[in-house]
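Please read all numbers here as calculations on a predicted model, not as lab measurements. Whatever order the structure lists them in is the order used to number ligands and atoms, beginning at 1. Side chains included, hydrogens not; waters and symmetry mates left out as well; all remaining heavy atoms used.
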Amino acid sequence: MAAKKSKISLADKAPDALTEKEAKAELTRLSLTLAEHDRRYHTEDAPTISDADYDALKRRNEAIEARFPQLVGLDSPSLRVGAKPAEKFEKVRHARPMLSLDNAFTDEDVAEFLARVKRFLNWPEGDALEITAEPKIDGLSASLRYENGVLTVGATRGDGTEGENVTANLKTVEGIPHTLKGKDHPAVFEVRGEVFFPKARFGELNERQVAAGKEPYANPRNAAAGSLRNLDVSVTASRKLQFFAYAWGETVPDIQLIAKTQKSVVEQFAKWGFQTNPLMRVVQDAEGLIAYYNEIGAARASLPYDIDGVVYKVNRLDLQGRLGFVSRSPRWATAHKFAAEKAETELLGIDIQVGRTGVLTPVARLKPVTVGGVVVTNATLHNADEIARKDVRIGDTVRLQRAGDVIPQVLGIVEEKRPKGAAPFVFPTVCPACGSHAVREEGEVATRCTGGLICPAQRSERLKHFVSRNAFDIEGLGAKHLDAFLADGMIATPADIFHLEERYAAGEKAIAEREGWGPQSAAKLFDAITARRTIALHRFIYALGIRHVGETTGKQLARAYGSGAAFVAAMKLVAAKDEAALAELDAIDQIGGTVAEAIADFFGEEHNIVEVDRLLGQLTIEDAEKPASESPVAGKTVVFTGSLEKMTRNEAKARAESLGAKVSGSVSAKTDLVVAGPGAGSKLKEAEKHGVQVIDEDAWLALVEGL
Ligand code: IVH
């Protein structure tokens, strides 16, 4: 509670009441907060605030920007995310075309490349000619134009002459400076290189794609392209793309006045703040090139990014200048490609893996086969539709491809080799990890486990959700500790959290003796857990992690059923398809078939019921606020403006909402009531204009007192 005006946090101060300095700080906070919520929404598919709360933040940002237009930054949320994505990217013409490379496939091709270069230069027999060698990154190329050291335009390659303007997206990529480090930059410098998606996060990205009902990416290259060319910059940002700088376009002054060799330009890139490939080498002859190719080929599988070959370039820039171009590729460079990696092998079985979000992924178990130097024993089959589309059956001979991909793909089957009697694959309807039902929602590609609370595959995620800020909000029990306790078998399900103290009673010891813990921190944790043994019903419901039951739905359910006991009893009846219970659930505002089904699935799982009952045994669940219909503000639209002195803006809002009011950030003809504190400005005028009733904070408190 903010007793004094000076104590009111910026976040609670009305836009109209902010000074310019405060507005600047507040815009920064809002930008960061919104970006974080965007990330949770778009990439984790796990928003932690309601749409209404999100919109309120957005409106606050807009209101402040409207008052201080000079503070609207390039990174403003109103220009960025959520803001209606642009329909498409603008086209940009490259100042110098973005070229492609000639290919070499064999050692002879490489020797021929070098011989051709030497012939062209009339190079003295026996003299060494320096060639750089570097991995050929399997991503997508981009061009970054810096004017006096500042990134002005970033573009994709497009057709080489014209690309797409993806400046904002490229600014989110790691390894791309917004301004060049150091001083005395060339007037113009176009840095070119490859944007890529790290292999290590590829599986996880696809799991999230599938969990969100989207198609998985076939390989990290496609993931990089899809992420960079996303109209919503926040999606690009969340993907954490990377970049290697390896070439350039237009430069003023001419490149040869800046550097003498390819190697030294790349070294300069690093000094300017770009990521450059540490594996770049200078070699002297064809043998050196082949040795490099073999070395990189052997290291390929363990590199953190996909490559599809190596690139050789004449090191001296004066020689590059003399060599020039043939059609669209430089005569001074070539790409030595790795051979296409395909193989055939037998499909021994189809295993079902359960991801941490509960999605069931079919994995092909294969007779071991070497594909491009790597022994492959399994490959993802993505989902039930993919299996059906390719008609993959156990016993089939499948065609595999590792096109530089980490995870091999099953291209299809060899029909002639199908054994007699091979039967179509039947996708399981129970979760192999916990035995709960696995369901596929209409219009979804993914099949999911419904045993959220008890499924070992989902434990870590569920526990994190359970203790998260808007659920049980257990201070000091963060992701790290949860995972450590989980790994040691100290907890497995949410209810175990409330048994920690008694089980480790002698026991405080056990926790206190863990690394990073002491008696004090252990006692503090137990206190934090105890403090949450009493919990609001809506938080309890939200914490269960039922699919489609977010905070808002949690609140609606809480209000409708009133008490924990009533809620659980009704949900058990819903799961048993009791007509009256179903009708009651359907009648709740904004609860549709999808939510009702998800609830029925959850409570239809005996394991979940056992866990809910264990929780009920440990907790005191507070009854929900009185049904909104009894309050004078139920169904009314209320606006708070000016600074409130006896409560924070959030408190006021939460209270109003719990009484069934809709809280809005702006006054219009639809507003029913304006609660105005000192400093209320334009909203007060708007209220007068529309004849809306205005009361002060005390009158508001009197109105809602005792409700
Ligand atoms: S040099 C004028 N170096 O390969 C020379 N290209 O097949 C410009 N690529 O479009 C390219 N890694 O997207 C160069 N280390 C590397 C590369 C590389 C990947 C890509 C690039 C280019 C394509 C040509």
Side-chain angles (χ1 to χ4, degrees), residues 94-105 109-110 113 117 131-144 154-164 166 170 173 175-176 189-199 219-222 224-225 228-229 241-251 255 261-263 265-267 269-270 274-283 289 292-293 296-297 299-300 303-317 319-338 340 403-404:
H94 301 301
R96 298 266 173 88
M98 289 182 78
L99 303 165
S100 55
L101 292 169
D102 198 10
N103 289 322
F105 293 99
D109 292 347
V110 175
F113 157 71
V117 166
I131 306 283
T132 61
E134 63 198 286
K136 184 170 188 301
I137 314 299
D138 201 7
L140 73 157
S141 51
S143 183
L144 307 155
T156 60
R157 179 176 186 275
D159 62 5
T161 309
E162 213 176 49
E164 286 172 318
V166 287
L170 282 165
V173 175
I176 296 183
F189 204 110
E190 284 182 0
V191 176
R192 290 175 177 176
E194 204 83 354
V195 174
F196 62 95
F197 189 90
K199 286 199 292 201
N219 51 47
R221 204 205 84 80
N222 289 5
L228 183 69
R229 298 183 61 253
L241 295 169
Q242 293 198 26
F243 181 77
F244 277 133
Y246 55 64
W248 56 92
E250 187 184 13
T251 72
I255 188 72
T261 61
Q262 179 78 29
K263 184 88 165 93
V265 177
V266 174
E267 282 163 0
F269 286 165
F274 290 95
Q275 176 168 232
T276 57
N277 197 307
L279 299 174
M280 181 180 188
R281 211 74 62 70
V282 177
V283 301
L289 294 177
Y292 182 84
Y293 175 83
I296 298 295
R300 181 180 183 186
L303 292 178
Y305 42 83
D306 273 346
I307 61 174
D308 58 348
V310 297
V311 181
Y312 307 137
K313 299 170 187 169
V314 169
N315 195 25
R316 270 172 52 183
L317 300 187
L319 299 181
Q320 287 190 3
R322 278 173 60 195
L323 283 156
F325 304 91
V326 214
S327 76
R328 301 194 63 75
S329 12
R331 208 177 262 117
W332 45 264
T334 198
H336 191 179
K337 300 285 274 285
F338 293 132

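Summarising the contacts of atom 22 (C) of ligand 1 with Tyr246, Trp248, Tyr312, the nearest heavy atom is found in Tyr246.
Once rounded to the nearest 0.5 Å, the distance linking NE2 of His336 with CG of Leu101 reads 13.5 Å.
In this structure the side chain of Leu241 reaches within 4.5 angstrom of the side chain of Phe197, judged on heavy atoms. At least one side-chain heavy atom of Ile137 sits under 4.5 Å from a side-chain heavy atom of Ile307.
Against a heavy-atom cut-off of under 4.0 Å, Leu99 is close to the following atoms of ligand 1: 10 (O).
Taking a 6.0 Å sphere around CZ of Arg331, one finds it holds more than 12 heavy atoms contributed by other residues, nucleotides or ligands.
Of all the heavy atoms of Glu134, the ones lying under 4.0 Å from any atom of ligand 1 belong exclusively to the side chain.
Exactly one residue among Leu319, Val314, Thr334 makes a side-chain contact (heavy atoms from CB on, under 4.5 Å) with Val117. That residue is Val314. Each of Lys136, Glu194, Arg192, Glu134 was scored for a side-chain hydrogen bond (donor to acceptor under 3.5 Å, both in side chains) with Tyr246, with one residue passing: Glu194. With Val173 as the fixed residue, the side-chain contact (heavy atoms from CB on, under 4.5 Å) test singles out one of Leu228, Leu144, Val166: Leu228.
Among all protein heavy atoms, the one lying closest to atom 5 (C) of ligand 1 is Leu101 CD2, 3.8 Å. What sits closest to atom 3 (N) of ligand 1 on the protein, heavy atoms only, is Lys313 NZ, 3.1 Å. The single protein non-hydrogen atom nearest to atom 12 (N) of ligand 1 is Ile137 N, 3.0 Å, given as residue, atom name and distance. At the top of the distance list for atom 13 (O) of ligand 1, counting protein heavy atoms only, stands Glu194 OE1, 2.8 Å. Nearest non-hydrogen protein atom to atom 23 (C) of ligand 1 is Lys136 NZ, 3.9 Å.
Considering both main-chain and side-chain atoms, Trp332 never comes within under 3.5 Å of ligand 1 through any nitrogen or oxygen pair. Any N or O atom pair closer than 3.5 Å counts here, and Pro135 shares at least one such pair with ligand 1. For ligand 1, the polar-atom distance check finds no N/O of Pro330 at less than 3.5 Å from any of the ligand's N/O atoms. Looking at Ser100 next to ligand 1, no N or O pair under 3.5 Å apart turns up.
With sequence neighbours excluded, the residues forming a side chain to side chain contact (heavy atoms under 4.5 Å, CB included) with Leu279 are Pro135, Asn277, Tyr292, Ile296, Leu303, Tyr305, listed by chain and number. Remark: Arg157 engages Met98, Ser100, Ser141 in a side chain to side chain contact (heavy atoms under 4.5 Å, CB included) (not counting sequence neighbours).
Residue contacts with ligand 1 leave out Met98, since none of its heavy atoms falls under 4.0 Å from the ligand. For Gly139, the closest heavy-atom approach to ligand 1 does not fall below 4.0 Å. Not a single heavy atom of Ala333 sits less than 4.0 Å from an atom of ligand 1.
Under the 4.0 Å criterion applied to side-chain N and carboxylate O atoms, Arg229 and Glu164 are assigned as salt-bridge partners.
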